[in-house]
Amino acid sequence: MGGTARRHRPNMGDGVFLFANLEVTMSEKNGNVPYVESELYRIRHSAAHVMAEAVLSFFPEAKLAIGPPIEDGFYYDFDLGKDENGKSITFSPEDLENIEGKLKQLLKQNAKFEQSSMSVADAKEFFASEPYKLELIDELAAGKVDENGNPISEPVSQVGIYQHRDFVDLCRGPHVGFTKQVKANAVKILRSSGAYWRGDENRQQLQRIYGTAWHNRVELDDYLKRLEEAKKRDHRKLGKELDLFSTSPEVGGGLILWHPKGGLVRHLAEEFCKNEHLANGYDMVYSPHIGRSTLWKTSGHLTWYKDDMYSAIEIDEDEYFLKPMNCPFHIMIYKDKMHSYRDLPLRLAEWGTVYRYERSGVMHGLMRVRGFTQDDAHLFCRKDQMPEEIDRALNFCLHILRSFGMDKFHAYLSTRDEAKSAGDAERWGDATEALRAALDRAELDYDIDEGGAAFYGPKIDLKMIDALGREWQLSTIQFDFNLPERFEMTYIGQDGEAHQPYMIHRALLGSMERFMGVLIEHYAGAFPLWLAPVQVEMIPIADRHIPYAEEVAEALRAAGLRVEVDGGNERMNKKIRNAQLQKVPYMLVVGDKEVESGVVAVRTRDNEDRGNMSVADFKAHALKLLESKSLIL
RNA sequence: GCCACCCUAGCUCAAUUGGCAGAGCGACGCUUUCGUAAAGCGUAGGUUAAGGGUUCAAGUCCCUUGGGUGGCUCCA
């Protein structure tokens with residue numbers, strides 16, 4: 001991901017369910033003005049300043065870095081200096097409590113925010129003891145970036161200053177008029193963390209405090225409640241509760257163990273996707289998990305990607321490497337014979353398991369792991385086929401995602417970085433246009449990540465949002481102008497000459513692990529019927545009803561439904577509760593009445609009592625929902 | 001990898017200033033055979049993540065390692 005896409009994304013209209021309330025709030029209060037012009041933005045920006053004032057009251061030696069509003073809140077970065085042992089001073093949980101108390105107290109004292117400006121020279125003198133502010137001033141004066149790190153168009157001669165009480169900060173604003181306009185009971189300090197100055201891990205690590213601020217207490221409570229709700233749909237929590245997957249220190253971090261239920265959901269997802277691939281002109285291939293070093297030398301991975309690869313495996317005095325990608329293998333399949341222009345396009349698909357080194361601090365449930373299975377494919381085609389291939393790939397991708405009920409995502413088009421790109425400009429231009437045209441034809445909104453492409457080709461990425469609002473890339477469609485060159489791939493054209501094919505990498509679900517993580521959170525564990533590991537729970541009221549429950553279960557299983565019979569020694573209420581907690585779509589209660597009239601009492605996990613149905617009617621209903629991959633029961 | 005915090009029974013959590021390791025759920029056994037979200041009684045279950053240290057005494061304090069959480073950085 002390139003720098004330009006890492007901008008703040010305060011666009012609340014992204015439609016993730018969790019923030020639905022917020023959208024309403026925002027538009028009501030602000031008439032849909034952009035976030036940076038909203039009152040909430042000023043409130044948060046002001047809260048950041050007053051928080052810094054509070055920090056200085058406890059840590060007078062702290063140096064100020066930056067403190068901008070962000071989505072749902074604000075932060076401020078500080079350098080607290082070193083203690084007598086030369087260790088960086090950090091905030092303790094008690095410090096944060098004290099700072100929050102002081103912040104609230106300072107807000108109530110109602111100081112006025114006064115705006116002014118200074119010449120660059122005056123500002124450098126005024127902030128002489130604030131090294132981070134001095135660096136910011138220098139960069140503003142040099143016309144490089146503003147105080148938030150965003151590029152600016154021309155050098156500035158005057159810098160903005162905001163002051164309340166004795167606290168003076170280099171700042172463009174805007175702020176509220178008086179500190180009291182930030183309600184003390186609508187502000188909360190959330191956490192602290194380390195953060196590198198200028199986002200550069202080679203520079204000083206600062207101490208960041210995150211806080212949140214809202215118009216009033218009710219909004220703050222709503223926000224905190226939303227955070228609580230979000231935690232309930234965290235795939236790591238649900239993965240344990242629903243017995244879907246686990247990891248084990250004995251196996252190693254970032255390596256997933258799929259349990260029977262999670263494995264079944266994954267299998268169902270894969271089965272559907274594989275069949276769709278076969279129906280859409282793809283060929284399924286398989287390749288090994290390791291390959292000789294010569295392969296990775298030719299591909300360039302040992303030059304460019306070595307840091308992400310695991311160390312060599314020695315076999316017969318030769319070095320082999322675990323694959324971080326599938327592409328070299330698919331290229332070898334292509335190269336196993338000569339190709340005529342008539343053979344193209346060729347679409348080689350594989351559920352390929354790859355292993356990549358991830359630094360220990362970045363692993364996250366199923367979302368970021370060290371071993372994962374991509375729904376990978378490589379398209380090889382002629383120039384004249386290329387635009388249609390892109391179109392097909394994108395539409396196929398949207399079809400697959402929508403089949404899983406996913407229709408809210410961010411699309412990005414990443415374009416060429418002139419400084420580092422392989423392949424000629426004309427190919428880049430054609431390819432980028434094909435991607436853009438496909439996005440337009442699919443009527444997708446997308447952001448352009450200027451210069452964000454890999455050195456080997458432009459791409460489209462689709463990112464989904466998890467329960468906590470974090471974005472995760474699933475789909476990618478990317479050109480590769482590098483590998484066909486390195487592997488000297490050719491086909492014989494109509495003119496009898498050898499030509500280089502276009503090569504497109506694409507993954508739709510991305511990786512099965514990450515996709516499952518997103519899927520679990522998307523449905524909060526309540527999978528649609530076609531994906532539910534257990535679709536029907538038979539609930540006999542007393543032991544004498546078990547034979548009938550088994551009989552019904554067999555009839556439903558014969559139709560392909562996944563049915564369990566709860567023959568345990570518990571009361572019906574408890575069995576229902578258990579099935580509810582496991583988010584089983586249908587509970588079929590059978591007692592004397594049902595046995596007598598040969599029906600089942602249908603209850604859904606949505607707490608709906610559907611009354612009695614004949615087994616045949618229930619079966620027909622369920623099969624119809626399965627056929628259409630219905631999201632409702 | 002960096003910063004902070006966390007790790008007690010299968011799960012969720014208690015345990016006063018350092019002073020006898022506990023509860024609920026789950027599992028198992030017995031009783032109960034029940035009508036739409038938790039029946040009753042009983043039993044088993046622990047080297048308090050691992051290792052080291054301080055102390056008369058460590059779940060609690062200190063150090064090391066491992067794992068996790070939230071950020072930062074990274075994620076062609």
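In what follows, every chain begins at residue 1, and chains take the letters A, B, ... in the order their sequences are listed.
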Ring centers of [X], [Y] separated by less than 6.0 Å:
| X | Y | answer |
| --- | --- | --- |
| Tyr310(A) | Tyr355(A) | no |
| Trp472(A) | His410(A) | no |
| Phe59(A) | Phe91(A) | yes |
| Phe455(A) | Trp428(A) | no |

When you measure only distances, ignoring hydrogens and angles, does the side chain of [X] come within 3.5 Å of the base of [N] through a donor and an acceptor?
| X | N | result |
| --- | --- | --- |
| Tyr196(A) | G1(B) | yes |
| Asn573(A) | U36(B) | no |
| Arg359(A) | U73(B) | yes |
| Gln205(A) | G1(B) | no |
| Arg203(A) | C2(B) | no |
| Asn569(A) | U31(B) | yes |

Touch class at under 4.0 angstrom, heavy-atom based, for [X] against every strand present:
| X | value |
| --- | --- |
| Asn202(A) | nothing |
| Phe372(A) | nothing |
| His364(A) | sugar-phosphate |
| Gly199(A) | sugar-phosphate |
| Ala579(A) | nothing |
| Thr90(A) | sugar-phosphate |
| Asn607(A) | base |
| Arg544(A) | sugar-phosphate |

Do the charged groups of Asp77(A) and Arg208(A) touch, with an N to O distance under 4.0 Å? yes

Grab the [atom1]-[atom2] distance between [X] and [N] for me, whole Å please.
| X | N | atom1 | atom2 | result |
| --- | --- | --- | --- | --- |
| Glu94(A) | A4(B) | CD | C1' | 12 Å |
| Gln207(A) | U73(B) | CD | P | 14 Å |
| Ile546(A) | G35(B) | CD1 | C1' | 16 Å |

Between Leu581(A) and Pro249(A), name the one whose nearest nucleotide on RNA chain B is closer to the 5' end. Leu581(A)

Among [options], the nucleotide that comes nearest once only the side chain of [X] is considered:
| X | options | answer |
| --- | --- | --- |
| Tyr357(A) | G71(B), A37(B), G1(B) | G1(B) |
| Lys240(A) | A37(B), U12(B), C72(B) | U12(B) |
| Ser193(A) | G67(B), C3(B), C75(B) | C3(B) |
| Arg577(A) | A38(B), G1(B), G70(B) | A38(B) |
| Glu201(A) | G71(B), A38(B), G1(B) | G1(B) |
| Val589(A) | G35(B), C72(B), G1(B) | G35(B) |
| Lys574(A) | C3(B), U36(B), A38(B) | A38(B) |

Considering all heavy atoms, the nearest Ala54(A)-Lys102(A) contact: CB-CG, 3.7 Å

Using the [atom1] atom as the point on both nucleotides, what is the distance between [M] and [N], in whole Å?
| N | M | atom1 | result |
| --- | --- | --- | --- |
| C62(B) | G24(B) | P | 32 Å |
| C7(B) | C13(B) | P | 11 Å |
| C25(B) | A44(B) | C1' | 15 Å |
| C74(B) | A37(B) | C1' | 45 Å |
| U69(B) | C28(B) | P | 30 Å |

Only one of Lys232(A), Arg233(A), Lys225(A), Arg226(A) clears salt bridge (charged side-chain N to carboxylate O under 4.0 Å, His left out) with Glu229(A); which? Lys232(A)

